Amino acid sequence: MKKPLRWSVAFVLLAMCLVFTACGGSKSEPTAATGGGSTDTTASGNKDDGGDTAAKGGTLEAIKARGKLIAGVKYDTKLFGLKDPTSGKVEGFDIDIAKALAKKILGDETKIELKEVTSKTRIPLLQNGDIDLIVATMTITEERKQQVDFSDVYFKAGQSLLVKKGSAIQGLEDLKKGVKVLTVKGSTSAKNIREKAPDATVLEFENYQDAFTALKAGQGEALTTDNAILLGMQKQDPNYVLVGGTFTDEPYGIAIKKGDAEFVKTVNDLLKEMKDSGEYDKLYEQWMGVKPE
Amino acid sequence: MVVIIGPSGSGKSTLLRCINRLEKISSGELYVNGTALHDKKIDINRFRREIGIVFQHFNLYPHKTVIDNIVLAPVKVLGLSKEEAAERATSYLSRVGIADKASSYPSQLSGGQQQRLAIARGLAMHPKIMLFDEPTSALDPEMIGEVLDVMRSLAYDGMTMVIVTHEMGFAREVADRVVFMDNGQIIEEGPAASFFDHPREERARTFLSRLIHH
Amino acid sequence: MPGKFDIHVLFNHWDRFAEGFIHTIEASVLALIGSFVLGVIIAVMRISPIRVLNVIGTVYVEFIRNIPLLLVVFFFFLGIPSLGLPLDGFTSGTLGLMVYTASFIAEAIRAGIQSVPTGQTEAARATGLSYIQTMLHIVLPQAIKIVLPAIGNQFINLVKNSSILAVVTGMDLMYYADLINSDTFLPLTVYTIVAVFYLVLTLPLSFAVHYMERRFRSADR
């Protein structure tokens with residue numbers, strides 16, 4: 001009597017564990033999709049938009065008529081666009097770029113309205129005309145170029161290395177056998193570093209904060225991920241510095257409704273002006289803690 | 001051979017257990033074999049090896065065989081080799097009449113056999129004194145005799161023994177001296193014959209008469 | 001399709017499953033031996049008549065068993081290395097597991113020791129055995145028999161808790177499972193396979209506990 005009973009209990013438990021993992025599986029589906037790349041979220045749909053609004057007068061006229069610039073920005077990204085929970089103000093590098101644009105077009109940097117966008121919502125919002133442009137850590141890709149126009153590169157993002165100040169590791173070529181490189185489980189950064197530094201030991205953590213803590217505790221010699229995240233860590237603790245530049249290429253651009261060449265030119269002119277005047281460098285250093293390369 | 005008697009709760013066992021300091025000596029002085037037992041600085045383990053004790057409830061080691069119950073202390077305390085200790089153990093097992101049980105476990109023995117084993121365990125240390133704390137109180141009546149026989153033979157061999165017991169017949173027969181206690185105090189003590197025949201103290205007389213009438 | 005069960009994952013990623021499984025076994029066995037020895041020492045300290053040892057034992061048990069395992073592991077993974085003694089993920093995870101489990105084993109053994117009748121100690125001490133000899137030869141062997149099922153349960157917990165190594169890059173089964181999952185996006189498959197690996201370790205332990213419980217129950221008769 002006893003034995004079959006015990007086996008049936010074991011079976012039920014196993015079945016339960018299957019059901020639970022199944023639930024976990026279906027839940028993680030959307031995350032898997034975003035992790036796979038935000039590019040595909042808008043690949044379908046929005047065909048109706050095309051470029052017909054751009055044809056009528058263009059964005060620049062619309063802004064001037066309205067008297068304010070509506071910019072799609074992130075509210076949750078350190079250094080670029082982050083809402084301060086106490087003051088309610090949104091601040092960051094992207095925000096300041098958008099403000100400079102408002103000043104250039106309307107002569108006043110306060111004539112601006114910020115709208116929160118996410119990687120998923122930003123392209124539809126732009127195509128619907130809800131926002132005039134996107135300044136939201138958006139990487140320029142060929143796929144996206146089918147749907148929007150991009151300005152010149154305003155931030156050179158890419159995977160980089162964070163090491164302790166004075167470390168012998170100064171770039172990818174120093175990641176030899178026995179060197180421990182820390183990153184986050186299952187991230188693109190983990191795949192990239194395995195390819196680019198096959199001899200190094202890659203240790204993967206639950207999240208970036210854990211990985212950074214482990215780096216500080218001496219559990220590894222370098223931490224690798226997007227430089228935007230690493231710059232935030234460097235700002236948080238100046239004893240750690242970025243080295244070796246970026247070894248993947250993810251340039252950020254300002255997205256504008258497709259077909260509005262006039263507005264693209266306006267934005268590009270402004271970026272050039274800012275770079276020439278040194279204003280860009282000033283903003284960059286203010287937010288990233290270091291001068292642009 | 002000294003027998004300690006008295007009503008229950010009179011402190012007999014406590015007095016006995018003070019002799020090897022199983023009870024803490026909170027005040028006063030106690031000398032045993034010339035050792036000041038109340039002195040906390042003495043090496044109590046060294047002292048105790050010279051005094052064997054047999055308990056009311058045997059306190060045999062249930063996880064060890066009969067022979068291992070005996071061998072443990074001679075090996076660990078006296079530093080005997082395992083062979084020497086086993087030889088010694090076997091001879092004492094024969095002496096108490098359970099040599100054939102050497103490889104059994106205590107739980108396979110009768111009460112009387114268990115208590116005889118406990119006695120053998122004490123003797124194997126070659127103690128100068130043997131203490132017995134009501135050694136027959138937990139035994140079925142038919143087994144009391146076999147334990148008393150062993151103790152009697154020890155007495156005839158001249159072993160120094162201190163016994164707490166309710167077996168008055170046995171006490172009278174083998175005791176040299178009797179200590180009568182009541183309420184934690186020694187009321188009367190003296191040679192066995194004179195104590196049993198002419199107790200001086202009233203309380204001793206009452207105690208004895210009550211026992212006889214039972 | 002994350003909900004799909006695809007057994008090929010097991011074969012395609014066999015080397016990583018196997019490596020993780022071996023590390024899980026290593027960590028479990030090392031922590032098991034260590035926590036048992038440490039647990040016995042702490043238990044003896046807790047009931048020792050020497051006050052200092054007593055206090056140390058009590059503080060150890062009450063402190064360690066009342067904080068999360070993750071904290072204990074982080075202490076070894078992040079705390080100790082920052083003091084200049086580098087411990088990798090596997091070592092710190094195993095040490096944390098050992099120290100943590102020892103507090104529970106110490107409690108089980110203490111209960112076992114206290115369930116051994118005092119007459120046993122008295123009989124042993126009366127023959128001149130020292131406190132430690134008495135513990136070693138008389139009290140502990142009896143106590144451990146009594147608490148073996150409880151200790152067995154702690155060992156089952158230990159094997160399961162070894163998944164904490166995944167958090168500190170201890171290269172155990174769970175660590176590789178997370179990595180395989182992020183490569184395949186087949187969580188149902190990956191974690192079911194992992195569950196079976198854990199069951200391979202814990203079910204025999206569980207049956208052993210049942211067997212011991214049954215045997216001691218019949219021995220009591």
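In what follows, chains carry the letters A, B, and so on, assigned in the order in which the sequence lines appear, proteins first and then strands, with residues in each chain numbered from 1. Values below: all heavy atoms of this structure, side chains included; hydrogens, waters and symmetry mates excluded. Everything numeric in this text was worked out from a predicted model, so none of it was measured.
Using a 4.5 Å cut-off between heavy atoms, K216(A) does not touch chain C at all. Proximity to chain A involves both the backbone and the side chain of L78(C), based on heavy atoms less than 4.5 angstrom apart. Of the atoms belonging to Q219(A), it is side-chain heavy atoms, and not backbone ones, that fall under 4.5 Å from chain C. With a 4.5 angstrom heavy-atom cutoff, V202(A) touches chain C only via backbone atoms.
Highest contact tally toward chain A, considering only S82(C), P86(C), A166(C), G79(C), is held by A166(C) [criterion: heavy-atom pairs under 4.5 Å].
Counting non-hydrogen atoms of other residues, nucleotides and ligands closer than 6.0 Å to NZ of K156(A) gives a total of 12 or fewer.
Side-chain rings of F155(A) and F80(A) approach one another, their centers coming within less than 6.0 Å.
The two residues Q209(A) and N207(A) have their closest heavy-atom pair at N-OD1, 3.1 Å.
Here the options are E19(C), R16(C), H13(C), the test is side-chain hydrogen bond (donor to acceptor under 3.5 Å, both in side chains), and the partner is Y176(C); only E19(C) passes.
With T224(A) contributing its side chain and T183(A) its backbone, the two residues share no donor-acceptor pair below 3.5 Å.
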